[in-house]
Amino acid sequence: MSTNLIDIKGLNLWYGENQALHDVSMSVKPNSITALIGPSGCGKSTLLRSINRMNDIIAGCRVEGEITFHDKNILAPETDVMALRKKIGMIFQKPNPFPMSIKDNVTYGPRLHGVTDRESLDKLVEECINKSALWSEVQDRLGASAMSLSGGQQQRLCIARALSVNPEVILMDEPTSALDPIATNKIEDLAQDLKKDYTVVIVTHNMQQASRISDYTGFMYMGKLIEFDKTENIFENPSEELTERYITGRFG
Amino acid sequence: MRNKFHADLDALTGDVIEMGNLVCNMLDRSVTAFANGDRVMADWVLEHKDEASRLDSLIEDEALRLLVLHQPMAGDMRRIATILKMITYIERIGRYAKNISNAAIDLMESGEHKPMPQISFMGAVAIEMVRDSLMAFETSNVKLVEDFESRDDELDRMRYDYLRTALAEMKACACNVDTYTSYLMVARYLERCGDNACKIAEKVHYMVTGKRIEIR
Ligand SMILES: Nc1ncnc2c1ncn2[C@@H]1O[C@H](COP(=O)(O)OP(=O)(O)OP(=O)(O)O)[C@@H](O)[C@H]1O
Ligand SMILES: [Mg+2]
C-alpha cells in the first residue's frame, strides 16, 4: 500500500498527433493541496482532466501510463468512470451552476445516484452549502435560481454541488480566475478548510495563490513536469533553473 | 526577459554595493587613522558616517517597496531578504569604523598617541573579510567566504595576542594605560567587524544557494 492517494506514473497523452503530456510522474498525498503551475498551454488542464478521465470525452485523445487511485489503475478499461468521477469531482474556471434553484443544484447529483428521501436531501443541502462557506448568504433563499448569485457565490455553489456526492478528491481548474480578490480569498480559505476532509488538486496562474494555499507544487512546461516539490521549496529555492526563471518572471 | 522589477532590483543591488564600498573605505581609513595617528583619515570617516546611514534607510525603504509591490519569489525573494539583513551588518561595521576613528582622535588630542603598526595587521584581516563578504554578494560567488571560519579564528587569536601585549605594557608603566586601553577597544571593534562579515557571508550563502549555514 502506498501512502499516496494518487500516483501518476509515466503518463503520456496525445491529442491526435500532438503529444500534450510527456512522461509525467507525480503523486498526491491525501488531505493535501497540490498546485499545478506553468505557462499557458503547458498541459496543466490536460493533466488535471486525466485524473478523473475527463479527457475520455475528447475525440482523438490517447493516454499511456498509469494513474493509480487507492492503488487501482484508473486508466484500466474496466474502470467505472461514473463512479470514479463521483469520487474525484471537478471545479472549472467559469462557475457553471445548473439553471435551477440553489437547492436543486446540490441535490441533483445525489438524486441521480438514487437518494430520494426528502429529509436526507435537506440535510445534505445544509451540510454541503455550509462546507462551501455559502450557507449564511443563501439559507433564506434556497429556492432562488442559482443564476441570481454572484460569480463568487456561484463558484462556492459549484463546490457545494461537487461535495454533494461525497467525493474524496476535488480537482479545481483556475477556480478563481474569474473572481474578484474578496471572492478569491473566500475560495482560498475554503480550499484550506476542505483539506481536512478532502484532497485538492488545483491549477492556477496565480503564483501567490499557489504559494499561499498549497502544500505541494508542480511546475509544468511544454507537457513535462519539470519540478515537483513541497511548495515552500518551489517558491523559496527551486532546484530547476526553468522553475526559477518562470516564478521570478524571467521567462521567454 | 527583463522587466521594471528586475531593473529596480539591479539598482537596489547597486546601492548595496555602493554602501558596502563606502563602509569598507571607512573601516580601512579608520584603521590607518588609528595606527598612524592620521587626523585627516579620521575626519574623513566621521564625515561619511551620515552617508552610510542615508544609504541604509534608502535601501531599506526600496527593499520593502519591492517586497510589497512585487511579492518576489525564489532567488529574487532571497536577494531582497538578504539585502534587508545585510545593510544592518554593513551599518554596524560603519559604526565600528566611526568608533575607531574617535578613539584615534581622542589619543591624538590627549597627546598620547604612539604609532602602533600591529593593529594594522588585525585591521587587514578584518577589512579583507568585510571586502570578501561584499564581493561574494556582488559576484554571487560563495567561494570567497569558504574559509571565513578560520579567518575569524585568526582574528580572535590576534586579539588575544594584543591583550597579552597590552597587559604587559600597562604593567610596565602606568603611562601606557590610556593608549593600550583604546588599543584593546579597537581590537575588540575589529573582531566585531569580522563577526559581522561572517553574518553577511551567511546571508549571501543563503541568497546564492538557498541553504542556511552558520559560521560558528
Ligand atoms: N481538446 C483538445 N484537443 C486538442 N488539443 C488540445 C485540447 N485541449 C488541449 N489541447 C492542447 O494540449 C496542450 C495543453 O493544453 P492544456 O489546456 O492542458 O494547457 P494548460 O496548461 O491548461 O493551459 P492554460 O493555462 O492556457 O489553461 C495545448 O497545446 C493545447 O493546444
Ligand atoms: Mg488550462
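Just so it is clear, the structure is predicted and the values come from calculations on it, not from any experiment.
A distance of 6.0 Å or more separates the ring centres of Y246(A) and Y221(A).
Using a 4.5 Å cut-off between heavy atoms, M73(B) touches chain A through backbone and side chain atoms alike. Only the side chain of S211(A) comes within contact range of chain B, judged by heavy atoms closer than 4.5 Å. Of the two parts of F5(B), neither the backbone nor the side chain holds a non-hydrogen atom closer than 4.5 Å to a non-hydrogen atom of chain A.
For W135(A), there are no ring-ring contact (aromatic ring centres under 6.0 Å, His included) partners, not counting sequence neighbours.
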For residues 195-203 of chain B, dump all side-chain donor-acceptor pairs below 3.5 Å to protein atoms at least two apart in sequence or in another chain.
unit_1  : atom_1 : unit_2  : atom_2 : d
D195(B) : OD2    : R192(B) : NH1    : 2.9
N196(B) : ND2    : R192(B) : O      : 2.9
E202(B) : OE2    : I215(B) : N      : 2.8

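At distances below 3.5 Å, at least one donor-acceptor pair connects side-chain atoms of D180(A) with backbone N or O atoms of A183(A).
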